[in-house]
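These notes concern the structure reproduced below.
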Amino acid sequence: MLQQTTDLAAMAEALSRSSDYRVLRRLVPRIPSRPAEQETRTGILLDTETTGLDDRKDEIIALGMVKFDYTAEGRIVGVRDTFAAFNEPSAPIPPEITAITGITDEMVAGQRIDDAAVSAFVDDAVITIAHNSGFDRKFAERYWPIFEQKPYR
């Protein structure tokens, strides 16, 4: 197993030196390192992938979240956990969405996002951050009412 891990690391390093490839590594949650006597808060970084742009009719096909702790000054002091899940929509994923997201019908087949797991993951967060919060928020609130109670950035 160690040899395989070493081989993969070497391959990733070689690919990352090329301008033709971008190497992504899995985010590994770490125990938060809270500054001494400094209060921290919990936030959620949210990303959705959907079947289209209409939050009233299109559907979420993937949800990704990162739970993190941060100080009142906004300094992130630790990543607590991650959440990732697929959701099979009621109709096939449009080809243009697969082209943008890389998500196929085969990847989401039979998958459902666990509503209780989402609520439990988000419950203690005091803020939700999304790159495109105006878009992601509408979908998240439609699927999971707990997001209606969270401020967004």
Side-chain angles (χ1 to χ4, degrees), residues 4-5 8-9 11-32 40-153:
Q4 182 183 12
T5 302
L8 291 174
M11 287 187 279
E13 179 61 30
L15 286 170
S16 69
R17 287 192 298 264
S18 168
S19 61
D20 293 332
Y21 297 95
R22 184 174 72 180
V23 177
L24 302 177
R25 289 174 174 81
R26 182 179 306 277
L27 177 66
V28 178
R30 289 173 241 144
I31 297 172
T40 60
R41 299 171 184 156
T42 300
I44 298 292
L45 179 62
L46 169 79
D47 185 39
T48 62
E49 300 299 342
T50 66
T51 58
L53 300 176
D54 188 339
D55 62 275
R56 293 175 312 248
K57 71 174 180 83
D58 289 313
E59 299 174 71
I60 291 177
I61 54 175
L63 173 66
M65 297 185 288
V66 176
K67 183 185 282 192
F68 62 93
D69 289 331
Y70 66 100
T71 64
E73 294 78 32
R75 184 166 104 17
I76 295 175
V77 295
V79 173
R80 287 228 225 127
D81 204 357
T82 61
F83 183 101
F86 285 125
N87 185 61
E88 182 178 19
S90 58
I93 299 171
E96 60 272 15
I97 298 301
T98 295
I100 293 168
T101 65
I103 299 171
T104 65
D105 289 321
E106 293 75 28
M107 293 167 69
V108 300
Q111 302 291 315
R112 290 280 175 254
I113 299 173
D114 182 337
D115 296 339
V118 171
S119 292
F121 190 89
V122 173
D123 187 51
D124 62 342
V126 297
I127 192 166
T128 303
I129 298 172
H131 174 69
N132 190 355
S133 63
F135 177 83
D136 290 319
R137 181 178 194 165
K138 291 173 187 172
F139 279 95
E141 288 179 353
R142 185 177 114 207
Y143 278 73
W144 305 286
I146 192 166
F147 283 106
E148 295 173 357
Q149 306 162 16
K150 307 292 179 187
Y152 279 76
R153 289 279 179 217

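Considering all non-hydrogen atoms of both residues, F139 and D55 come closest at CZ-CA, 3.4 Å. Summarising the geometry of I113 relative to V118, their closest heavy-atom pair is CG2-CG2, 3.5 Å, with the distance given to 0.1 Å. Nearest heavy-atom pair, S119 versus I146, reported as atom, atom and distance to 0.1 Å: O-CD1, 3.4 Å. Residue L46 comes nearest to T128 through the heavy atom pair CB-CG2, 3.8 Å, listed as atom of the first residue, atom of the second, then distance. Listed here is the closest heavy atom pair of T42 and Y70: C-CE2, 3.8 Å. Minimum heavy-atom separation, F147 to M65: CZ-SD, 3.9 Å.
Distance check: Y143 OH to E59 CD gives 4.5 Å after rounding to the nearest 0.5 Å. Taken from CZ in R75 to CG in D69, the straight-line distance is 11.5 Å, to the nearest 0.5 Å.
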As a quick check of understanding, evaluate side-chain contact (heavy atoms from CB on, under 4.5 Å) for I97 and I61, giving each step before the final call.
CA-CA 10 Å; I97 298 301; I61 54 175; 4.0 Å; yes
| query | Can R80 and D124 be said to form a side-chain contact (heavy atoms from CB on, under 4.5 Å), step by step? | reply | CA-CA 12 Å; R80 287 228 225 127; D124 62 342; 3.1 Å; yes
TODO: Could you walk me through whether H131 and D47 pass the side-chain contact (heavy atoms from CB on, under 4.5 Å) test, one step at a time?
DONE: CA-CA 7 Å; H131 174 69; D47 185 39; over 6 Å; no
When you look at I129 and F68, which way does the side-chain contact (heavy atoms from CB on, under 4.5 Å) test go after all the steps? CA-CA 11 Å; I129 298 172; F68 62 93; 3.8 Å; yes
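Of the possible polar contacts, one joining the R112 side chain to the E88 backbone as a donor-acceptor pair under 3.5 Å is found. With hydrogens and angles ignored, the 3.5 Å screen pairs no side-chain donor or acceptor of S133 with any backbone N or O of R137. A donor-acceptor distance shorter than 3.5 angstrom exists from the side chain of D105 to the backbone of I93, with no hydrogens or angles considered. A donor-acceptor pair under 3.5 Å is absent between the side-chain atoms of K67 and the main chain of A125, judged by distance alone. Panel note: side chain T48, backbone D136; no donor-acceptor pair is recorded below 3.5 Å. K150 places a side-chain N or O within donor-acceptor distance of the main-chain N or O of D123, the cut-off being under 3.5 Å. At distances below 3.5 Å, at least one donor-acceptor pair connects side-chain atoms of T98 with backbone N or O atoms of I103. Under a 3.5 Å cut-off, the side chain of N87 and the backbone N or O of I60 do form a donor-acceptor pair.
I44 is listed as a side-chain neighbour of F121, based on a closest heavy-atom distance under 4.5 Å.
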